[in-house]
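So the structure is just underneath, and the comments pick up after that.
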Amino acid sequence: MTEEQAGPRNVDPPEKFASNANVSDPFVYEAADKDYEGFWADRARELHWFKEWDTTLNWSPPEAEWFVGGRTNVAYNCLDHQVEQGRGDKTALVWEGDEPSDSKTYTYSELLAEVQKFANVLKSLGAERGKPVSIYMPMIPELPVAMLACARIGAPHSIVFGAFSASALRDRINDCEATILVTADAAPRGGKATPLKANADEALEDTPSIENVVVVRRTGDDAPLTEGRDHYYDELMKDAEAECPAEEMDSEDLLFILYSSGSTGKPKGIVHTTGGYLTHVNATMKWTFDIKDDDVYWCTADIGWITGHSYLVYGPLSVGATTVQFEGTPAYPASDRWWDVIERNKVTILYTAPTAIRSFMKGGKEDLEKHDLTSLRLLGTVGEPINPRAWEWYHDNVGGGRCPIVDTWWQTETGGHMITPLPGITSTKPGSATRPFPGIDAGLFDEEGNEIEGEGSGNLVIKKPWPGMLRTLYKDPERYRETYWEKYGDVYFVGDGARRDEDGYYWITGRIDDVMNVSGHRISTAEVESALVGHEAVAESAVIGRNDEDKGQAIVAYVILEGDREGSDDLIQELNQQVRKVIGAHARPEEIIFAPDLPKTRSGKIMRRILRGVAEGQQDLGDTSTLADPSVVDSLQASRTNGS
Ligand code: PRX
């Protein structure tokens, strides 16, 4: 174990924080352990239910149902219920646009009014319970409005991150057969605008299920409408009825589908349902984030990813918090933009990714020192392991040494936090996500399926169902079973490796499958490979994630060209463009290596370990005797050093 892994010290919750914390009694762990169903039922009781459930949990692995027979509505909990509790005039959403001069706020009453109207708009376009609506939008308030409007009428949403390409959008629309797409003319970020509607139009050439498209005018850029199919948001809203009652949804009704990369080229449609998901995000807002009525909470994630779903929209609104939504980038118009947002809005809780912290670390402290960050009281991280040095930097410079850090481990599949400190209780170790959340039963298994007790390293699993867990993969229950439940029987196979130390703390070591984690974004090697072989010059390709100081992992693509094609800088550009077109700019390889051959075993399996070693410049590549042709390694090393 290196010193970096071990973490230099324990950091206890400051006394002042602990004495005011929502949860301060360490006994909560033991109590939840004894009766995890009862623990979650107590959390669920803090929500609004039209009808209470009859059974807390039906567990017939791998199928879970939580709060069976209960009826509730997520939008009702996030809006109406907050107004009923006296938060009508409280700020629900603070929106910070790409330009610092562009900002807006919505109170709970205002947001409720907007959501009801848009729910009526959706209904008038044929939306109904159970019928998916696709959303492809910039980080503007109309995005949470659209989500909540869907939740209000029981139409599951499927949000596609705005940086995804037209073809990625098309595949995701076709998979869930959405009849409505909500989008915008363009998405401004960092002073530049992505032509969202033009991308959507390209996708819509081949999406037979779509009948209506709603277009928000964000920039006023030219975005031609297709007669009969496309409508401007503002025009529809002008005539919309003000009131739309919330549907009484069954606890297990579908709330949303969110596509995520798996180990094949086809993304997985991760399915989340209503009552359990809301219970999980609501409880973790209170316990992990220690949320209070006067907090101003900022989650920097894009709503297109799960973090934005759970901890920018549903979690914070379900507890009646003030949540900040930021459209821009950290560097625009200047590199102190984030600190400016915090100072002006007096943000108290900041939730972000280690990649962002590392990039600020590189830029130095000067940008922070220009701003008053003393409003901050709690910091969070998510998406990838945080190295102790970045943790310490975050703690000392952003948190001024006074804010606890919650390093939250979880996944799109888990819906909410799974392994995380509780900030008033946990003595943290920089670099460790610490212990499972109360009611969550994590464990480690070895390759043979034996459980590892005590200290050790292995494959992370979750041994009991939890309310926010994915219920299935959309229209693919077989893949759901195979991906998560086949390897170890009735325990959930996470896909991450982890080490557990002598105190029972978990140290996540990263993915153990063919999924890369680039700046906290999950990208499958197979998806990038399949994009590359779609180019006529490429015969075969193998993609790996190389360790990268800033991004966690960087994408490296080995490419074997067709026949007598030769590698060139122009071809590298074209291949980058190809990946951008098929998946999106965030999946472009950092490095493309033209290789004569790939290292394969005699049975034809690519040995990625070797490719990773070559990309990281390792001299000793370990045992290469199982390769069908060990000389491949020398030629790969030569290709890389030639810079071809
Ligand atoms: O590998 C783990 C890593 O991100 C994966 C989940 O990715 P995604 O579904 O896109 O969700 C990201 C946001 C929840 C995990 O399997 N990961 C997430 N959080 C952490 C992490 N790795 C280490 N520490 C974390 N706190």
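Only heavy atoms go into these numbers, but all of them, side chains included; no hydrogens, no water, no symmetry mates.
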Spacing of CG belonging to L470 relative to CD1 belonging to I306, to within rounding of 0.5 Å: 10.0 Å
I303 side, atom CD1; I159 side, atom CD1 - distance, nearest 0.5 Å: 7.0 Å
Heavy-atom donor-acceptor pair, N517 side chain to G383 backbone, under 3.5 Å: yes
Partner residues of Y136 under the ring pair (Phe, Tyr, Trp, His ring centres under 6.0 Å) criterion, sequence neighbours left out: none
Heavy-atom pair of closest approach, residues L169 and A200: CD2-CA, 3.9 Å
Gap between atom CG of N77 and atom CG of L148 - 0.5 Å precision: 11.0 Å
Pairs meeting criterion side-chain hydrogen bond (donor to acceptor under 3.5 Å, both in side chains) with involvement of residues 308-321, two or more places apart: H157-Y314, Y277-S310, N282-S318, T284-Y311
Heavy-atom pair with the smallest gap, counting every atom of S158 and Y259: OG-CE1, 3.6 Å
Beyond-backbone contact of R337 with P333, side-chain heavy atoms, under 4.5 angstrom: yes
SB check D102 R218 (cutoff 4.0 Å): yes
Identified side chain to side chain donor-acceptor pair (under 3.5 Å) partner of R546 from the options E616, E591, Q553: E591
Test side-chain contact (heavy atoms from CB on, under 4.5 Å) applied to V324 and L312, L350, V296, the passing residue: V296
Smallest separation among heavy atoms of I555 and R588, with atom names: CD1-O, 4.1 Å
Stepwise salt bridge (Lys or Arg N to Asp or Glu O under 4.0 Å) check, K362 with E549: CA-CA 11 Å; K362 264 197 163 162; E549 240 187 47; 5.5 Å; no
Side chain to side chain contact (heavy atoms under 4.5 Å, CB included) between V518 and H586, intermediate numbers included: CA-CA 8 Å; V518 181; H586 61 292; over 6 Å; no
Check: R344 main-chain N/O paired with H371 side-chain donor or acceptor under 3.5 Å: no
F161 and F164 aromatic ring geometry - parallel, tilted or perpendicular at 30°/60° bounds: perpendicular
Audit row: W391, V11, side chain to side chain contact (heavy atoms under 4.5 Å, CB included) steps and yes/no: CA-CA 11 Å; W391 195 105; V11 182; 3.7 Å; yes
N/O donor-acceptor pair under 3.5 Å between T420 side chain and T408 backbone: no
Working for side chain to side chain contact (heavy atoms under 4.5 Å, CB included), residues M361 and R389: CA-CA 10 Å; M361 222 168 122; R389 217 157 58 80; 3.5 Å; yes
Minimum side-chain heavy-atom gap P589-V579 below 4.5 Å: yes
Minimum heavy-atom distance between S261 and V515, given as atom pair plus value: O-CG2, 4.3 Å
Heavy-atom check, side chain of R402 versus side chain of P14, under 4.5 Å: no
Other residues, nucleotides, ligands: >12 heavy atoms within 6.0 Å of K581 NZ: no
T509 (side chain) donor-acceptor with G497 (main chain) under 3.5 angstrom: yes
Salt-bridge contact E343-K370 (side-chain N to carboxylate O under 4.0 Å): no
Nearest heavy-atom neighbours spanning G328 and D98: CA-OD1, 3.2 Å
Name of the residue among Y394, W298, F289 meeting ring-ring contact (aromatic ring centres under 6.0 Å, His included) with Y351: F289
Separation between CG of N22 and CH2 of W287, rounded to the nearest 0.5 Å: 9.5 Å
Residue from R608, R612, R522 passing salt bridge (charged side-chain N to carboxylate O under 4.0 Å, His left out) with D514: R608
Side-chain donor or acceptor of Y558 paired with backbone N/O of A615 under 3.5 Å: yes
Exam field: side chain S19 to backbone K16, donor-acceptor pair closer than 3.5 Å: yes
Side-chain ion pair, R511 and D513, N-O less than 4.0 Å: yes
Side chain K90, main chain G320, donor-acceptor under 3.5 Å: yes
Polar side chain donor-acceptor pair, T352 to T300, under 3.5 angstrom: yes
Where at least one partner belongs to residues 103-112, residue pairs that pass salt bridge (Lys or Arg N to Asp or Glu O under 4.0 Å), sequence neighbours excluded: none
Positive for side-chain contact (heavy atoms from CB on, under 4.5 Å) with Y505, one of I419, T428, T434: T434
Distance in Å, I386 CD1 paired with T381 OG1, rounded so as to fall on 0.5 Å steps: 4.5 Å
Nearest-0.5 Å distance, CH2 of residue W95 to CE of residue M139: 10.5 Å
Enclosure of K286 NZ (heavy-atom neighbours >12, cutoff 6.0 Å): yes
Any donor-acceptor pair under 3.5 Å from Q578 side chain to A531 backbone: yes
Donor-acceptor pair, side chain of R435 and main chain of D503, under 3.5 angstrom: no
Working for side chain to side chain contact (heavy atoms under 4.5 Å, CB included), residues T355 and D550: CA-CA 6 Å; T355 292; D550 301 325; 5.8 Å; no
Short side-chain donor-acceptor distance under 3.5 Å, D496 and Q411: no
Salt-bridge contact D501-R499 (side-chain N to carboxylate O under 4.0 Å): no
Distance-minimising heavy-atom pair for A21 and G424: CB-CA, 3.8 Å
Aromatic contact, W410 with F437 (centres under 6.0 Å): no
salt_bridge(D293, R87) N-O dist < 4.0 Å: yes
Side chain D302, main chain G304, donor-acceptor under 3.5 Å: yes
